[in-house]
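To start, the structure under review is shown below, and the notes come after it.
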Amino acid sequence: MSVNSKKQPQARPSSRTLAAARARGSARPRTAFVLSGGASLGAIQVGMLHALYESGVIPDLLVGTSAGALNAAFIASRPQTIRTSRELGRIWCDLEREDIFPVSMGALVGGLCGRRDHLIPDRGLRTLVRRHVQFGDLADAAIPVHVVAFDLNEGCEVLLSEGPAVDAIVAAASIPGLFPPVRIGGRRLVDGGVVNNTPISHAVALGAERIYVLPTQDPARPLAHVSIGALDAGIHALSLLIDRQLEADLERFSRVAELIVLPARNATSVQPASFEHASRLIGETLAAARDHLAPRSPAVPLRMAA
């Protein structure tokens, strides 16, 4: 398995990388989609993908973590078309909380008593991946897909680019404390969103020159203050912590790559463990992404009346 771990950011290409790509004239810059985590808010990325395919934007590579890893793996083995985004949308619209977060009294009691390292079994997550991911090894994906996890033993990020797909994708989506860590090659791996929820850094290190960022939260707007349950509160708090990094990464990596951040509309009004809003989120985000990607006409000078 190709495993790349890091405690500090990897070496980045200089600003000459983007300049060289532009100097090639008609040559298309190496394009990446970076898909962030966000539990049920991953449905937002369906609308973004639909709009990107409508605009003829096709990725050369995919990088994702958490819910973004699930979406990236789904599209990685399928044609990059609107039909694929619609198929993904149907899956999100059919999901219910119990499909991903099933309540198991054994795991719950064991976790609370300290006998287990998780509160929720990952069988629902594994079933979802097995049912919808069409390759057995990450390296077999039609479009290179890379998922980001976190190594609990070493305390560092791990980039998974090949190896058993189910284990890798589940590891990248295993919210620590809720789901059990996944053991891969002697490592205990959990959701990479803990330290890098929108892994732009990995896309840059992999040679991407144009990066479409598909977030699940708008970094410019704070999350709404609403009454939520314990599960939502845990994911919500984690999101508040890790999404602050996105603003800093956008500033940092805009110097070495072209970054296009798609708008995450109305994400603040939905809790990350609430799956019943998927259809609305997809539709509203699709409209916002279409507007964001639409070609802009140059401003027409105003004529003074004679």
Side-chain angles (χ1 to χ4, degrees), residues 1-4 6 9-37 42 45-65 67-85 87-88 133-135 137-148 157-163 165 168-169 172 192 196 198-215 249-250 252-262 289 292-293 295:
M1 170 178 289
S2 173
V3 177
N4 182 16
K6 67 188 185 83
Q10 298 171 349
R12 308 306 196 282
S14 71
S15 58
R16 290 192 296 270
T17 300
L18 182 57
R22 289 172 175 164
R24 292 196 294 266
S26 60
R28 182 173 69 86
R30 183 168 171 78
T31 299
F33 289 177
V34 171
L35 297 90
S36 67
Q45 294 170 345
V46 176
M48 298 174 181
L49 290 167
H50 188 129
L52 287 165
Y53 295 148
E54 276 187 345
S55 299
V57 180
I58 304 298
D60 296 302
L61 64 118
L62 300 159
V63 183
T65 192
L70 297 172
N71 286 335
F74 180 89
I75 67 173
S77 62
R78 291 169 168 83
Q80 302 302 290
T81 64
I82 293 172
R83 179 178 179 180
T84 291
S85 65
E87 290 175 358
L88 181 58
V133 172
Q134 297 180 340
F135 46 82
D137 191 293
L138 289 180
D140 294 334
I143 293 181
V145 59
H146 311 268
V147 299
V148 180
E157 293 177 48
V158 176
L159 185 68
L160 304 173
S161 302
E162 61 182 41
I169 297 163
N196 198 351
T198 309
I200 299 170
S201 58
H202 289 288
V204 172
L206 289 164
E209 299 155 334
R210 175 177 293 160
I211 301 172
Y212 289 87
V213 181
L214 283 65
D249 282 353
L250 291 175
R252 178 180 186 182
F253 295 110
S254 64
R255 303 168 189 170
V256 294
E258 180 184 1
L259 303 180
I260 302 97
V261 184
L262 298 182
H292 190 77
L293 294 169

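Treat the numbers as computed from the prediction; the structure is a model and nothing was measured. In what follows, every heavy atom counts, from backbone to side chain, and hydrogens, waters and symmetry copies are set aside.
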Least distance between heavy atoms, [X] atom then [Y] atom:
{"X": "A168", "Y": "L138", "answer": "CB-CD1, 3.7 Å"}
{"X": "H146", "Y": "S161", "answer": "ND1-OG, 2.7 Å"}
{"X": "A172", "Y": "V148", "answer": "CB-O, 3.5 Å"}
{"X": "A208", "Y": "A32", "answer": "CB-CB, 3.6 Å"}
{"X": "A76", "Y": "V145", "answer": "CB-CB, 3.9 Å"}
{"X": "S77", "Y": "Q134", "answer": "OG-CB, 3.3 Å"}

Would you find a donor on one side and an acceptor on the other, under 3.5 Å apart, between the side chain of [X] and the backbone of [Y]?
{"X": "E162", "Y": "L160", "value": "no"}
{"X": "E87", "Y": "I75", "value": "no"}
{"X": "T65", "Y": "G37", "value": "no"}

Nearest 0.5 Å, what's the [atom1]-[atom2] distance between [X] and [Y]?
{"X": "D249", "Y": "L259", "atom1": "CG", "atom2": "CG", "value": "9.5 Å"}
{"X": "D60", "Y": "E209", "atom1": "CG", "atom2": "CD", "value": "9.0 Å"}
{"X": "L49", "Y": "I82", "atom1": "CG", "atom2": "CD1", "value": "11.5 Å"}
{"X": "L88", "Y": "R78", "atom1": "CG", "atom2": "CZ", "value": "8.5 Å"}
{"X": "R30", "Y": "I211", "atom1": "CZ", "atom2": "CD1", "value": "10.5 Å"}
{"X": "T81", "Y": "H50", "atom1": "OG1", "atom2": "NE2", "value": "10.0 Å"}

Heavy-atom check, side chain of [X] versus side chain of [Y], under 4.5 Å:
{"X": "L70", "Y": "F74", "result": "no"}
{"X": "L214", "Y": "N71", "result": "no"}
{"X": "V57", "Y": "L293", "result": "no"}
{"X": "V34", "Y": "P199", "result": "yes"}
{"X": "H292", "Y": "I260", "result": "yes"}
{"X": "Q45", "Y": "S36", "result": "yes"}

Parallel, tilted or perpendicular: ring planes of Y212 versus F33, cut at 30 and 60 degrees: perpendicular
No-hydrogen, no-angle side-chain donor-acceptor test under 3.5 Å, S201 and N196: yes
